[in-house]
Amino acid sequence: MEISIRNLQHSYNGESVIKNIDLSLKKGEFVSIIGPSGCGKSTLFNLITGLEVPDEGDILFDGKNMLGKRGHSSYMMQKDLLFPWKTVLENVLLGPTITKQEAQEAVEEARSLFPMFGLEGYEHYYPEVLSGGMKQRAALLRTFLHKKELMLLDEPFGALDALTREKMHSWLLDIWSHMQRTVLFITHSIDEAIFLSDRIYVFGPRPTEVILDVKVPLPRPRNKEMTVTPEYLEVKQQLMNALYEMN
Amino acid sequence: MEISIRNLQHSYNGESVIKNIDLSLKKGEFVSIIGPSGCGKSTLFNLITGLEVPDEGDILFDGKNMLGKRGHSSYMMQKDLLFPWKTVLENVLLGPTITKQEAQEAVEEARSLFPMFGLEGYEHYYPEVLSGGMKQRAALLRTFLHKKELMLLDEPFGALDALTREKMHSWLLDIWSHMQRTVLFITHSIDEAIFLSDRIYVFGPRPTEVILDVKVPLPRPRNKEMTVTPEYLEVKQQLMNALYEMN
Amino acid sequence: ACNQVDEPTQVEEVETEVESDAGAEAPAESEELMEATFILDWVPNTNHTGIYVALEKGFFEEEGIDLTIIEPAMEGAVPIVAAGQADFGIGSQTGVTIARSTGIPVASIAAVIQEHTSGFASPIEKEITSPEDFAGKTYGGFGGAEEEAILNTVLNQYEVDPASVDNVIVGSADFFTNTKRDIDFQWIFYGWTGIEAEVRGEDINMIYLKDIDPVFNYYSPVIFSSDAVMEEQPELVESFTRAVSRGYEFAIEEPAAAAEILIAASPETSEELIRASQEWLSPRYKGDAEKWGIQSEDVWNDFTAWLLEAELIESDVSTDEVMTNRFLP
Amino acid sequence: MRTLRRGISFAAPAVIAVILFLVIWEVSVWIWNVEEWILPAPSLIFQAFFDTWHLLPDHIWMTTKEAVLGFLLGIIVALIIAFILDISPLLRKSFYPILLFSQTIPIIAIAPLLIIWFGYGILPKVLVVALVTFFPVVVSVAEGLQSSDRDMIRLVRSMGGSFWQVFWSVRFPHALPYLFTGLRIGATYSVLAAVISEWVGASKGLGIYLIKAQSSFATDKVFVVIALISLLSCLLFFVVVLLGRLMMPWKHKSHKK
Amino acid sequence: MRTLRRGISFAAPAVIAVILFLVIWEVSVWIWNVEEWILPAPSLIFQAFFDTWHLLPDHIWMTTKEAVLGFLLGIIVALIIAFILDISPLLRKSFYPILLFSQTIPIIAIAPLLIIWFGYGILPKVLVVALVTFFPVVVSVAEGLQSSDRDMIRLVRSMGGSFWQVFWSVRFPHALPYLFTGLRIGATYSVLAAVISEWVGASKGLGIYLIKAQSSFATDKVFVVIALISLLSCLLFFVVVLLGRLMMPWKHKSHKK
Ligand SMILES: Nc1ncnc2c1ncn2[C@@H]1O[C@H](COP(=O)(O)OP(=O)(O)OP(=O)(O)O)[C@@H](O)[C@H]1O
Ligand SMILES: Nc1ncnc2c1ncn2[C@@H]1O[C@H](COP(=O)(O)OP(=O)(O)OP(=O)(O)O)[C@@H](O)[C@H]1O
Ligand SMILES: [Mg+2]
Ligand SMILES: [Mg+2]
């Protein structure tokens, strides 16, 4: 599935938030977005998932206009939004429940992923007792189990320590390469963006627009050693310049 | 004020979370804590602020036992916890309201800090419309305005982009050096920890204990250039080893 | 709206099981029993004794009637009978007349008691022995339609300024409670509240309405039915009245036994009060009339005229529309 | 101007619905030929209203006074009781049966007590209205106070916030929507409660007017009173809704001022 | 065993409070020498209960049946109406006045209508109870449905969740505490509503017993009935509370199973 976003504009209460965004994803591509806090990244995701309708512009999936259409992508919001009335297991099964997947199968798959996500033993707990990072992991697992071709991840690793984060990185790249899911990824970490992505968009401050679109020239599969290669450092420098120039 | 924590132990529902923690802070020291997600860092903060009482152990402020005592430190929780019924300005003024500070003065100080925190223009908005990072900044501002000698910050910069984060870093170091506040800081970023702290504790996985206590041998004031010095890299290596050995 | 006969009423029947000898021959014709519903005006009391006696003694069955008694706790029997949800009801002459003048098609078919037994009562220590003493006192009313007009008529007759009498609607509290506080006198039925005072040993002064002005010697209560029932099933009305009449005759002759029947039918009501009340009331059902239930046209004429004069009804109601003796045995 | 227009667009659907309801009623009465002493058509009720309106102001005023004063008293009592229930689970458990008891007494069964203790003045009516209206408020507010966000409370406590500071900064604002739910129910009941309280003993008020109308089979006047009770209740309800909007601006607006 | 012990420790404060209440009452009656036909002492009420208990089971059973059936009907109606009110602000605005109207009709003023339409059986009583109890449930549930977390709704919608999936996965569970607040209020009213409904016309039931006792000046029996109404209401209330705990385990427990 190819996604292309054209001339997108959006405003809240008459104040422009997204000035003009053009953006495209190829099938199976992993693309990251970085940009200053409050610039409109989450807003873009809300537009893509159809939760909000832009003032202007098009969102095309394989050429088909998807403005205001919903249910075509798995979306991990910035807040964890676990339902307090569901146990962790029930929470992560939200997707399969909504798409009316076969229950038994879904439960088995979910359960098999609990250790990987460091949530083993918490299946039947209510989310209230989870630590901040555990909540985020549960939300990520929930998003993953809602299997759509496009995955939108809004800072999925913000509350994770380096180690857990790396584990998650390799897991994410693993399932991504196996399952050919297209990923659009918001992060604040330049390193994370480079390590994971095929391409990176840099957004400017609100009202935002794309100020840079860089290809990451690193081969797949990635490994930690690549983070000291000159290609890596060059991209990093480029991104940092773009971000710092904003001031 | 000198803080010393001795032989602290805590468990939830019979399951040990904090196995044994000894920890000390000198007056005006900046100390960071890093450790795997879900190990018990936030729990430690809850014990220090008196929100929970440990199963065993002592928390001494200048030799005085503070177990279960509250109101002695400014605490920024991991969740932003902005009150939906208060505007951003009212939210950040929570501390002065509770400590019954002179209102006019507090309002003026708060207002003067809004541009610095990138919240200008949002004074009278309800927090619902803020972006994730803006909420976090508002929560940080609220914590700062609740002026206590000890500041406990639980991942204050998790949702911020690199640029904003740096701005916040230098602001934090600035006020810290001016105001002689003791800071205990939870973070997931090794770089952040090294850049900001005098000392860093590494916590082990749950049930947690201190597995490393390193001094950061960098002079003050800090600047970005220091991040490439051999001292810096050595500390970083030390920390990474400690974290990676946990597996 | 007159399908009341074929439509079986859904109520849980109150019937005290008929075990009397009279009931023995009933089953043979039980399939042809006419169903009828009788609605009370208040909780079962000695005004109703004849009905319960007739039911218990099987008089209704003998007349081919399967009677159901409905006990509403509140007023409202008149529209229910008029609407055909009940065939017979019990109420006051005032009620029937006002209803008729409003266009509600009901008429009285029997007077339960010949003489009017209500009046103004007050505890003896209030020293109210004549309507003249009402001046400056507080009256506790029940919110009846005719009440204020009657009181004012009485006051005018005794040259008391109506404005000097405070009129408070006391609603649900009883005479004894009300007169403990700010109320000085109240309108009561001697056969019930007055008897309760006797039972309690409290002395009261009673000024009977009928002693103040003969026009107030109207019938209360009366048994009534609707035009529809009276026209379409005269035989039902006749049989009903016959049975009821026998019931009251029995109550007149054997007050003690009648009281027990009422007690059995309504065990929740105070037995002592029923017995005392029955004893007081039994001789008054018929009084010195030739037979139980008979109504004098003069009484109706006079009272209707008074109602008209008091503007309680807007148009005259002809007496043969509101009452009839033709169903009496 | 803008407030006016908004007011109109706010009230319009309600007014239209009421009119529709009345039209259906009127038509049904005509179609099934319902006799007027059973269920009078709205037109007849209007008629009766205009014929007798000169009798009404006194009664209306009396009942309104009782309803409003009683409701206010009820609210105060409710807030106090909800607060008491909130501070200790022990108090909650022990108080609830007594609260329930207070709600299960048929007013007219305790009419004698009310009269003996408080006479025939406005006081017993105000008390009855308070008795009826305080309960839904207590139950709602108690639930609201119970369900505050624990972490918000912890935040204020960690700042050294006293019991009262926690209460005013977190628990109370959190309980406000619950409070207004209870107030809406209470407001709805208050006028009818005032009417019923008059049956205990009074010389003025819509309740008295109702009894008199009923005993002279003036069904049309009975319905005039019912309509007035409805109207007054709606008015009170509306005031509560408006107050709710004023006191909880964050529920409707994105910013203050 | 454990459930039993917990049950006892749950009920104990309530029982003690009730006993205390009765003792204070008894003593007050003695001290102020209150006449027994105004306010009988609890001991006399117990006496009356034991003297007449053989008359009671039928009445109790009848009223209980009316209260429970009516309450169930009320709940169903309330859920449907709350749902209708929820789906469109227009419907909400237009419906509310009619809802309010339904709550401001004095039952006994429309008693003849009830009998004419529904006869003397259990039906009109069930309807009256439903009429009384549905309202607090509607108001509470409507508020609960309104106040769901918007972001949670957005999450489910972003997943392609249908209206009903949003409803069942977010709005309904969020509204549950509100629903139970309303149910608690409704449960409290249901028995009294059944009693009052019997005054419309019935031959059995606590309402009938009450009126008979009152009209034969038997204050002690009146209070026996009031006590029974209270007891039944408490029972129903307790069932609702229990059900609430079962249906909202996350409010009391840290994990399931
Ligand atoms: N509902 C709303 N009403 C008004 N303004 C809004 C609303 N939602 C978001 N905004 C504003 O739009 C801007 C962009 O918000 P958005 O959440 O998209 O930022 P973001 O790029 O995701 O930031 P962060 O990295 O901090 O999460 C912010 O300034 C925010 O205040
Ligand atoms: N109230 C509670 N009841 C039971 N277990 C709890 C409770 N609160 C926390 N825990 C458990 O205690 C452990 C430590 O939690 P804590 O929040 O301190 O972790 P953390 O180190 O802050 O992790 P993170 O970096 O993910 O925020 C977790 O496993 C969590 O599930
Ligand atoms: Mg965002
Ligand atoms: Mg934490």
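Note that these values count all heavy atoms, side chains included, but never hydrogens, waters or copies made by symmetry. Convention: sequence-line order gives letters A, B, ...; per-chain numbering from 1.
- B:Tyr244 is listed as a side-chain neighbour of A:Leu163, based on a closest heavy-atom distance under 4.5 Å.
- Residue-environment remark: CD (B:Glu231) exceeds the threshold of 12 foreign heavy atoms within 6.0 Å.
- Listed by chain and number, the residues in a ring-ring contact (aromatic ring centres under 6.0 Å, His included) with A:Tyr201 amount to none (sequence neighbours excluded).
- Per-residue heavy-atom pair counts under 4.5 Å with chain A were compared for B:Glu155, B:Lys135, B:Lys79, and the maximum is reached by B:Glu155.
- For chain B, the option among A:Arg165, A:Glu166, A:Met134, A:Lys41 with the highest count of heavy-atom pairs below 4.5 Å is A:Glu166.
- The most heavy-atom pairs under 4.5 Å with chain A, out of B:Gly38, B:Ala159, B:Gly158, B:Gly40, come from B:Ala159.
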Could you list the donor-acceptor pairs under 3.5 angstrom formed by side chains in residues 114-122 of chain B, with sequence neighbours left out?
from     : atom 1 : to       : atom 2 : distance (Å)
B:Tyr122 : OH     : A:Arg206 : NH1    : 3.0
B:Tyr122 : OH     : A:Arg206 : NH2    : 3.3

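- Nearest heavy-atom pair across B:Ser37 and A:Leu160 is OG-CD2, 4.3 Å.
- A:Asp161 CG to B:Phe203 CZ: the interatomic distance, rounded to the nearest 0.5 Å, is 13.5 Å.
- Neither the backbone nor the side chain of B:Ser42 has a heavy atom closer than 4.5 Å to any heavy atom of chain A.
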